[in-house]
2 protein chains.
Amino acid sequence: MDLGVRARRDLDDDVQTRLAEGEHRYTSGRRSLVDALARADGPVTLPALLAMDPTLVVSSTYRNLAVLVEAGVVRRLVHGADHAHYELAEELTRHHHHLICESCGSVSDVTFDDRVERTLGKTFQRVADEAGFVPHHHAIDLFGRCRVCAA
Amino acid sequence: MDLGVRARRDLDDDVQTRLAEGEHRYTSGRRSLVDALARADGPVTLPALLAMDPTLVVSSTYRNLAVLVEAGVVRRLVHGADHAHYELAEELTRHHHHLICESCGSVSDVTFDDRVERTLGKTFQRVADEAGFVPHHHAIDLFGRCRVCAA
DNA sequence: TTGCTTGCAAATGATTTGCACTGCT
DNA sequence: AGCAGTGCAAATCATTTGCAAGCAA
C-alpha cells in the first residue's frame with residue numbers, strides 16, 4: 001500500500017484518532033510500526049517488519065500490532081505459513097483481496113473492479129441470509145504460485 | 001458434509017486410493033479420523049475431533065491429518081482462532097466457501113450457484129494473469145456473526 | 001519380515017505475559 | 001504524579017518430533 005506524503009499525514013491523523021478512542025497513545029514506537037507497514041508493498045510478517053526497522057522489538061511489536069488491530073488500524077492475516085501477516089486495515093487503504101503463494105508463502109494484494117465487488121456483495125448477502133448469518137466483511141484468497149515461484 | 005452410506009463407501013475407496021499413491025496405509029485409526037470428519041457438519045478443530053471419537057490420540061491425529069492433507073483427502077483451514085479447522089477436501093465433497101463467526105470462531109459451509117462460480121473464476125483468472133500469478137484454487141470467507149451469536 | 005504406524009513424553013517455535021523501568025500527558 | 005508503553009526474560013500452548021513397541025502388506 002504505497003501512500004504519498006499527503007496520504008501519509010492523513011494516515012497518521014487517522015491512526016491517532018482511532019488510538020485515542022481506545023485510550024491509547026500514538027507513541028514513536030507505534031509510529032515506526034505504522035510507518036513500516038505503510039512502506040511494505042503488501043502484507044508482511046513480524047520478522048519482515050523487524051528487518052525493515054531494526055529498532056522494533058519483538059514483544060512490543062506483537063503488543064502494538066494487537067493494539068492496532070483492536071483499534072481497527074491493522075488487519076492480521078493467518079494462512080498456513082509459519083508467521084501471520086499484517087497489513088494496514090482496508091478502512092485506511094482500499095478494499096482488496098490476496099494472492100497467496102503456496103510455494104514461498106508470500107502474500108500480495110489485488111483489487112477487483114467495483115462492479116464485480118457489488119455483485120459479490122449481493123451474492124454474499126443472500127447466501128448469508130439463508131444461513132441466518134450476519135456478514136460483516138469478506139475475504140477472497142487466490143492460492144497458487146507467485147510470479148517468482150512460477151518461473 | 002453429510003454423506004449417505006453409498007457415498008461413504010465411495011469416500012473410503014477414494015481415500016484408500018489416494019493414500020496408496022503415497023505409499024501410505026489406510027489404517028483403522030485413519031478410518032476413524034475420516035469417519036469423524038465425514039460425520040462433522042462442517043470444518044472442525046482437533047479438540048472437536050477428539051471429542052467426537054475418544055479413541056483418537058492427539059499426536060497421531062495431527063500426524064494423520066498431515067498425511068491426509070498431503071494425500072489431498074483433507075483440507076486444513078487456518079483463521080485467527082486458536083485451533084486450525086479441518087474438513088474433507090473439496091475433491092471428495094463439493095466446492096464451497098466459509099462463514100466464519102468472529103464471535104465464537106465456528107466455521108460453516110456455504111455454496112454459490114455455478115453461474116456465480118463461473119463468473120468468479122473468470123475474474124480471478126484475469127486478475128491473476130495481470131500479476132503473473134498462476135492460480136490454483138480460491139477461497140472465499142464471509143466473516144460476521146453466526147445464527148447463534150447474532151441472536 | 002519390513003518398515004509404516006502408533007502412543008507417550010519431550011521438544012519446538014510463534015506469540016504472549018510478568019515485571020521493573022521509561023516517558024507521555 | 002499517575003499510568004500507558006517498552007524491553008527483556010520467562011511462560012504459553014498448539015503442533016511437531018524422538019523413540020520403542022505394534023501392526024499391515
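These values consider heavy atoms only, across backbone and side chains, with no hydrogens, waters or symmetry-generated copies. In what follows, chains are A, B, ... by sequence order, proteins preceding strands, each numbered from 1. Computed from a predicted model, the values in this text were never measured in an experiment.
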### Query
Which is true for A/Ala66 with a 4.0 Å heavy-atom rule: it touches a base, it touches only sugar-phosphate, or it touches nothing?
nothing

### Task
Take the protein atom CD of B/Gln16 and the nucleotide atom C1' of C/dC4, then report the distance between them rounded to whole Å.
14 Å

#### Entry: Rounded distance in Å - NE2 (A/His83) to P (D/dT15)
16 Å

### Task
Report the C-alpha distance between A/His79 and B/His79 in whole Å, list the side-chain angles of each, state the deciding distance to 0.1 Å, and finish with yes or no for side chain to side chain donor-acceptor pair (under 3.5 Å).
CA-CA 7 Å; A/His79 297 119; B/His79 296 118; over 6 Å; no

### Query
Can a side chain N or O of B/His24 be found less than 4.0 Å away from OP1 or OP2 on C/dC4?
no

### Task
Compare side-chain N and O positions of B/Arg30 against OP1 and OP2 of C/dT6 and report whether any pair is under 4.0 Å apart.
yes

### Task
Answer yes or no: does a side-chain N or O of A/Asn64 lie under 4.0 Å from OP1 or OP2 of D/dG5?
no

### Query
Just by distance, with hydrogens left out, do B/Asp129 and B/Gln125 show a side-chain donor and acceptor under 3.5 Å apart?
yes

### Query
How close or far is atom C1' of D/dT16 from atom CG of B/Leu46, stated in whole angstroms?
12 Å

### Query
How many Å lie between CG on B/Leu65 and C1' on C/dT5, as a whole number?
15 Å

### Task
Could you check how far CD of A/Glu70 sits from C1' of C/dT16, rounded to whole Å?
16 Å

### Task
Could you pull out all residues at least two apart from B/Tyr26 that satisfy ring-ring contact (aromatic ring centres under 6.0 Å, His included)?
none

### Query
Roughly how many Å is it from CG in A/Leu19 to P in D/dG5, rounded to a whole number?
8 Å

#### Entry: Selection from C/dA14, D/dA14, D/dA4 that lies nearest to any side-chain heavy atom of A/Arg25
D/dA4

### Query
Closest to the A/Val57 side chain: D/dC3, C/dA14, D/dC8?
D/dC8

### Message
Need to verify one output field. Residue with the more 5' nearest nucleotide on DNA chain C, B/Glu23 or B/Thr61?
### Response
B/Glu23

### 5'-most by nearest nucleotide on DNA chain D - B/Tyr62 or B/Ser28
B/Tyr62

### Distance, rounded to the nearest Å, where A/Asp82 contributes CG and C/dT15 contributes P
9 Å

### Message
side chain to side chain donor-acceptor pair (under 3.5 Å) for A/Glu117 and A/His97? Distances and angles first, verdict last.
### Response
CA-CA 11 Å; A/Glu117 284 290 351; A/His97 299 294; 2.6 Å; yes

### Query
Is there a donor and acceptor pair, one atom on the side chain of B/Arg63 and one on the base of D/dG18, closer than 3.5 Å?
yes

### Query
What's the CZ-C1' distance between A/Arg31 and D/dG5, to the nearest Å?
14 Å

### Nearest to side-chain heavy atoms of A/Thr27, which nucleotide of C/dT6, C/dT15, D/dT6
D/dT6

### Message
Between A/Glu90 and A/Arg75 (salt bridge meaning N to carboxylate O under 4.0 Å), is one present in this structure?
### Response
yes

